[in-house]
Enquirer: 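If you scroll down you'll find the structure; I have some questions about it.
Numbers here are sequence positions counted from 1. In each ligand, atom 1 is the first atom listed, and ligand 1 is the first ligand listed.
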Amino acid sequence: MHADLVIVGAGMVGSALALALEGSGLEILLVDGSPLSVRPFDRTAAFEPRVSALSEASRRILQRLHAWDGILARRSEPYREMQVWDGSGTGQIHFSAASVHAEVLGHIVENRVVQDALLERLHDSTIGLLPGARLEQLRHSGEDWLLTLADGREIRTPLLVAADGANSAVRRLAGCATREWDYLHHAIVTSVRCAKPHLATAWQRFTDDGPLAFLPLSLEGDRHWCSIVWSVTPEQAERLMALDDDGFCAALGRAFEERLGPVEKADPRLCIPLRQRHAKRYVEPGLALIGDAAHTIHPLAGQGVNLGFLDAATLAEVLLHAHERGERIADERVLSRYERRRMPHNLAMMAAMEGFERLFQTDALPLRWLRNAGLSLVDRHHEAKGVFVRQALGLSGDLPELARV
Ligand SMILES: Cc1cc2nc3c(=O)[nH]c(=O)nc-3n(C[C@H](O)[C@H](O)[C@H](O)COP(=O)(O)OP(=O)(O)OC[C@H]3O[C@@H](n4cnc5c(N)ncnc54)[C@H](O)[C@@H]3O)c2cc1C
């Protein structure tokens with residue numbers, strides 16, 4: 001098999017890239033180890049534990065790729081307010097969409113819903129799909145890459161895009177260097193029902209142990225549901241995972257100061273170890289890394305897939321322009337344009353999250369004072385808050401054309 005461009009990984013980010021390149025005249029092959037089938041969606045079914053807070057920039061990209069309607073037809077919940085507070089102090093901050101004349105701050109969507117809406121579009125597209133295709137080996141063959149799949153099939157391509165997630169096989173097999181560090185934290189994720197409705201608000205409490213987020217969901221109009229992401233030490237994670245449902249709900253309610261009343265019930269929990277990882281380079285001749293294959297970031301900002309969608313939209317834009325001008329798209333000079341646009345943005349976001357995480361992990365009194373005073377100060381400062389809200393909307397910095405109105 002041969003293609004002008006092979007994308008390994010048809011997750012949310014790889015699928016978005018393939019769709020953004022549709023109609024380019026390039027022969028594109030999207031390969032994934034999974035079956036790539038769209039599953040029937042039942043609106044009354046329990047939530048998937050993995051959800052994403054999609055920014056306005058991501059919504060625009062998905063809209064332009066004609067996948068947003070598929071998301072709305074399944075299940076999503078907009079949020080208009082964000083409430084952040086320091087669990088061991090008095091600092092708090094409140095953001096609202098109305099403050100920047102926006103309708104919403106973002107949407108909480110199950111990852112599976114986003115994935116299926118994209119896959120539905122892909123099945124109707126001219127993009128070549130190769131399901132059940134797990135990459136196992138990779139080597140150079142002249143100017144091309146030669147990919148060998150687990151079942152022995154081979155694919156040749158001059159341009160390979162790694163969209164195969166945090167443990168990217170492409171990144172490992174191509175020998176791309178990364179910087180990585182363990183947060184020494186695990187994230188417990190699940191969906192819970194609270195006694196009070198969520199008020200279309202994303203809630204985040206910073207505790208001494210780590211951040212705890214309650215993100216609004218809706219089950220057939222019942223707005224008492226939230227997706228939770230609870231970042232704790234591995235020992236606490238072990239203890240919390242071992243609790244029965246009643247014990248877990250009680251512990252969660254206490255950790256959240258019962259802002260939405262007692263937690264009444266919880267779905268099965270998932271525990272995910274948190275690592276931050278960043279590839280030292282996103283490109284080399286004939287190779288580009290996007291999404292989690294290029295960077296994984298602490299979930300406290302809910303930014304992982306939002307950064308990934310911006311990577312996909314930017315890389316597509318760079319490749320389309322180069323192709324139109326008759327340049328060789330696998331050329332490192334072409335690919336470097338993508339890296340120059342995305343790396344500073346992703347690094348800045350990761351540094352900010354790292355700083356936040358450290359600030360809230362500290363017991364040092366001056367830093368505790370600073371974070372309390374800082375939160376409350378920003379809360380009173382309209383301009384500074386506007387900057388944060390625009391960051392949350394994903395509408396600051398060098399935006400790809402697909403994320404502009
Ligand atoms: C607890 C938690 C909460 C989060 N919350 C948010 C949030 O609120 N907002 C947000 O923006 N982000 C969030 N994230 C991050 C977000 O989930 C990721 O950034 C996103 O899923 C990455 O998408 P991706 O397409 O790059 O990779 P993936 O979703 O990992 O997709 C990779 C694809 O590659 C395929 N693949 C892997 N290896 C191979 C191989 N060898 N051969 C062929 N195919 C292969 C897989 O089958 C898969 O389809 C969160 C993360 C965590 C851990």
Enquirer: Polar contacts were defined as any N/O atom of the residue lying under 3.5 Å from an N/O atom of the ligand; does this apply to V305 and ligand 1?
Expert: yes
Enquirer: Taking only non-hydrogen atoms of G308, do any sit less than 4.0 angstrom from ligand 1?
Expert: no
Enquirer: Please identify which atoms of ligand 1 are closer than 4.0 Å to at least one heavy atom of N111.
Expert: 17 (O)
Enquirer: Ligand 1 and S34, any nitrogen or oxygen pair closer than 3.5 angstrom?
Expert: no
Enquirer: Working note: H140 + W145, criterion ring pair (Phe, Tyr, Trp, His ring centres under 6.0 Å); need CA distance, chi angles, decisive distance, verdict.
Expert: CA-CA 5 Å; H140 278 292; W145 291 99; 4.0 Å; yes
Enquirer: Between A53, A133, G9, flag the one that comes closest to atom 43 (C) of ligand 1 by a heavy atom.
Expert: A133
Enquirer: Under a 4.0 angstrom heavy-atom cut-off, which atoms of ligand 1 come close to V189?
Expert: 1 (C)
Enquirer: Below 3.5 angstrom, do we get any N/O pair linking A166 and ligand 1?
Expert: no
Enquirer: Answer side chain, backbone, both or neither: which part of A163 comes under 4.0 Å from ligand 1, heavy atoms only.
Expert: backbone
Enquirer: If the cut-off is 4.0 Å to any non-hydrogen atom of G33, which atoms of ligand 1 fall inside it?
Expert: 43 (C), 44 (N)
Enquirer: Among L21, V161, L159, exactly one meets side chain to side chain contact (heavy atoms under 4.5 Å, CB included) together with I28. Which residue is that?
Expert: L21
Enquirer: Is it the side chain (CB and beyond), the backbone, both or neither of N306 that lies under 4.0 Å from ligand 1, heavy atoms counted?
Expert: both
Enquirer: Between side-chain atoms of residues 232-252 and protein atoms elsewhere (two or more places apart, or another chain), which donor-acceptor pairs fall under 3.5 Å?
Expert:
| residue | atom | partner | partner atom | Å |
| --- | --- | --- | --- | --- |
| T233 | OG1 | Q236 | N | 3.2 |
| T233 | OG1 | Q236 | OE1 | 2.8 |
| Q236 | OE1 | T233 | N | 3.1 |
| Q236 | NE2 | D209 | OD1 | 3.4 |
| Q236 | NE2 | D209 | OD2 | 2.9 |
| D244 | OD1 | D246 | N | 3.4 |
| D244 | OD1 | G247 | N | 2.8 |
| D245 | OD1 | R269 | NH2 | 2.8 |

Enquirer: So, does H345 use its side chain to make a donor-acceptor pair with the main chain of D398 at under 3.5 Å?
Expert: no
Enquirer: Do D292 and N167 have a side chain donor and acceptor closer than 3.5 Å?
Expert: no
Enquirer: Please report the closest heavy-atom contact between L315 and L17, naming both atoms and the distance.
Expert: CD2-CD2, 4.0 Å
Enquirer: For ligand 1, indicate whether the residue V51 contacts it via side chain, backbone, both or neither (heavy-atom separation under 4.0 Å).
Expert: backbone
Enquirer: With heavy-atom distances below 4.0 Å as the criterion, list the atoms of ligand 1 near G11.
Expert: 25 (O), 31 (O), 33 (C), 49 (O)
Enquirer: Check the pair W230, H185 against ring pair (Phe, Tyr, Trp, His ring centres under 6.0 Å), reporting the backbone distance first and the verdict last.
Expert: CA-CA 10 Å; W230 194 357; H185 266 75; over 10 Å; no
Enquirer: So, does R341 use its side chain to make a donor-acceptor pair with the main chain of R337 at under 3.5 Å?
Expert: no
Enquirer: Please verify the inter-ring angle class for W85 with W203; under 30° counts as parallel, over 60° as perpendicular, anything in between as tilted.
Expert: perpendicular
Enquirer: If you compare all heavy atoms of R75 against all heavy atoms of A45, which two are closest, and at what distance to 0.1 Å?
Expert: NH1-O, 2.9 Å
Enquirer: Could you establish whether L307 and ligand 1 come within less than 4.0 Å of each other, counting only heavy atoms on the residue side?
Expert: no
Enquirer: Against heavy atoms of G304, which atoms of ligand 1 measure under 4.0 Å?
Expert: 10 (C), 11 (O), 12 (N), 15 (C), 19 (O)
Enquirer: With atom 23 (O) of ligand 1 as the reference point, say which of N167, L147, V13 has the nearest heavy atom.
Expert: V13
Enquirer: What atoms of ligand 1 come within less than 4.0 Å of a heavy atom belonging to G291?
Expert: 26 (O)
Enquirer: For a side chain to side chain contact (heavy atoms under 4.5 Å, CB included) with M1, tell me which candidate from V6, I155, T157, L147 qualifies.
Expert: I155
Enquirer: With the threshold set at under 4.0 angstrom, would you say R50 reaches ligand 1 through any of its heavy atoms?
Expert: yes
Enquirer: Can you confirm, on distance only, whether ligand 1 has an N/O atom lying under 3.5 Å from any N/O atom belonging to A169?
Expert: no
